[in-house]
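Naming convention: chains lettered A, B, ... in sequence-line order (proteins, then strands); numbering from 1 in each chain. All figures in this text were calculated on a predicted structure; none of them were measured in a lab.
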Amino acid sequence: MVTAEKDIEEILGKYPNASRDALIPVLQAVQEARGYLSREVVLRIGRHLKLPASKIYGVATFYNQFRFQAPGRNHVQVCRGTACHVKGSAAVLESVKRVLKVNPGETTKDGEFSLEVVACIGACGLAPVICVNGEFHASVTPQKIQDILDSYRGKAR
Amino acid sequence: MFEIEVNNRKIEARKGEMLLGALRRNGIHVPTLCHMENLFPTGACRLCVVEVNGQRNLVPSCAFPVYEGMTVQTHSPRVVRARKTIVELLLADHPDDCLYCVRNGNCELQKLAEQLGVRERRYTGAKSAYKLDISSPSITRDPAKCILCGRCVRVCEEVQTVSAIDFIGRGSKATVSTAFEEGLNVSSCVNCGQCVVVCPTGALREQSHVKEVLGVLNNPSKFVVVQHAPSISVSLAEEFGLKAGTDVVGKMTTALRRLGFQRVFDTSFSADLTILEEGSELVQRLTTGGKLPMLTSCSPGWIKFVETFYPDLVENLSTCKSPQQMMGAIIKSYYAQRQGIDPKSIYSVSIMPCTAKKFEAQRPEMGSDGTPDIDAVLTTRELARIIRMRGLDLAALEPQGADTPFGERSTAGKLFGATGGVLEAAIRTAHWLVTGAEMENLKVQAVRGLEGRKEARVKIGELELGVAAVNGLGNARKLLEELRAGRSDLHFIEVMTCPGGCIAGGGQPFNGDAEAVRARMQALYKIDRDEEQRVSHRNESVQRLYKEFLGKPLGEKSHHLLHTHYAPREVVM
């Protein structure tokens, strides 16, 4: 039996007799509440909307905004928009991946950091830019990544 | 009907149809990859593009309706260039291992590259890396070879309503995969293999048992027996270029002996046995108030479908094992005893039109004392591969008969290969069980043919039974929903997982179109028409089996060897 907690039932309760057109709003609401889409929650949504899990997972992976792992205590966003790209964000992302040993969409084993790639944060003047827990770091270089991330380690959000 | 102009020639088109249909009917071949007969066009692969007057861009003929006065170019330089580019782009992210690929020689992508004259690599780039999924006992997924045509996704969702797989991710990272990209074994996949049959490349294939079987055939300490399912002898021919619907049972038997199988048995024998057990079970349920309607249990994909999606109806499933498993069970008990062979030294192979049979054979319920009833399952295609490997010319072989005692069969058992066949065979024997007399006309026309659902009211003595035969799990689902909603006029329902039944199973030859499937079905009907022994209960070897060993249908031995139970199953769905 798939169990989901009260918060999820509350969200689903707002979509009685819903079908597949409610899928994306439901996924967004659930991610808003939980920070990510767990396996159990995806299965619960499937039962509610009468959709197979493969379909929900397919839709959710189509969009960049959905995560399937719980976010870390510190959430790192690396901008890969055009301006940041021109200013070398590819190397920045590589550096973050190397330091954290995770891929975008994943969370480090100790739960300290999660990594997300975003298309544009809207701070092109600061390119290349990364954003940790909502704090922007401007003109970063691959060499600066270790220090920036270390400054968050052990610090609650 | 009106005329349209194609390649400066007039052809007839029907109002409302898509251009591709008109072209094909008139013998104009336009290649496709995503197109599927009887399903709504997606226009995804763009290989069927043509030039239509007044259209600035090339249009996909599969999704473009005909209209009066249209003029079409199907093979102009512009069109051909576009098609070639598409194939070249597909090849740019495709492994170059054709020589090692299971689909070498019958791959649609390979054929297209050849037809379009692709002779150099114009596009190069990084190849995507994927993991092979070998978790399923029936089907291997190799996403590296997938060209994202979507045929597997559609057959799984729209025909079978299983939806174990879907498109995952986006753009260059898109793949066909399961929910959470887990193994197929923990998904809702029922192992039917319809995805394998529609796959144009080697991305989906059966979990092969060829190596194991070749291994034991060369092992003198093993006594290797083989059984072949009713539909094999009428479909194997196509693998060797013979006309669809040619019955090669004798030649196939010879080939199996040449391959080294020590005994060749016919699963149609155990189909007859199934009918006696299942017919008796039906009569018992009718007379003692058992769960009705009774659902057949020969098709393992269907069994898993019920266990997964309709756990509330598991009790309605017949407790009979499938003919494959019954044969396996009696070979390792009765036959071993009779021949004085240690059951552990018997290696039991079955040739099946089916990938789900591989799954069924390894179900823990399907054996006794840790010894499986069946050791390996080969699909029709795998058998053809082994025959070719051994250099046997099937067409030239002298036909031989099957071995006793499990080579004898009625034509009723043979009918199991087509949708409605189990039902027809069961009606014949149920009539005899209930009234003690044979039916006047054994042919039950109402349950024949390839329609998705066939229903009939059958009079057996005083009884009037509501019966139905459905094929394809989508059709089964509709009927099950009616049952859940309270429909109660049916007593016996035959369900075949694959559309058309075993003749169109997931292990059958590739490129078997609707015509080929029809021809295979007609071949089975012809056997039933031409032969004398047409009812399962007159199979003398079955009678002897009861006399010497089993006792009576539903007896204690039968219960132990030929029946099992099914249980609800939790998977990702």
(request) Look at atom NZ of A:K144 and say whether more than 12 heavy atoms of other residues, nucleotides or ligands are closer to it than 6.0 Å. (result) yes
(request) Answer with side chain, backbone, both or neither: which region of B:T178 has an atom nearer than 4.5 Å to a non-hydrogen atom of chain A? (result) backbone
(message) I'd like to know whether CG of A:D150 has more than 12 heavy-atom contacts from other residues, nucleotides or ligands below 6.0 angstrom.
(response) yes
(request) Count the heavy atoms belonging to other residues, nucleotides or ligands that lie under 6.0 Å from NE2 of A:H85, then report whether that count exceeds 12. (result) no
(request) Mark yes when over 12 heavy atoms from residues, nucleotides or ligands other than B:K127 sit less than 6.0 Å from its NZ; otherwise mark no. (result) yes
(message) Is it true that, when you exclude A:K97 itself, more than 12 heavy atoms of the residues, nucleotides or ligands shown sit nearer than 6.0 Å to its NZ?
(response) yes
(request) Check whether any side-chain heavy atom of B:V572 sits under 4.5 Å from a side-chain heavy atom of A:R39, and report yes or no. (result) yes
(request) Against chain B, label A:F62 side chain, backbone, both or neither, depending on which of its atoms sit under 4.5 Å from a heavy atom there. (result) both
(request) Identify which part of B:E157 has an atom lying under 4.5 Å from any heavy atom of chain A, answering side chain, backbone, both or neither. (result) side chain
(message) Is the shortest side-chain heavy-atom distance between B:F180 and A:V42 below 4.5 Å?
(response) yes
(request) Count the heavy atoms belonging to other residues, nucleotides or ligands that lie under 6.0 Å from CZ of B:R170, then report whether that count exceeds 12. (result) yes
(message) To check you understand the geometry: which heavy-atom pair defines the closest contact between B:A164 and A:S54, and what is its length?
(response) O-CB, 3.7 Å
(message) So B:D166 and A:Y57, do their side chains get closer than 4.5 Å, heavy atoms only?
(response) no
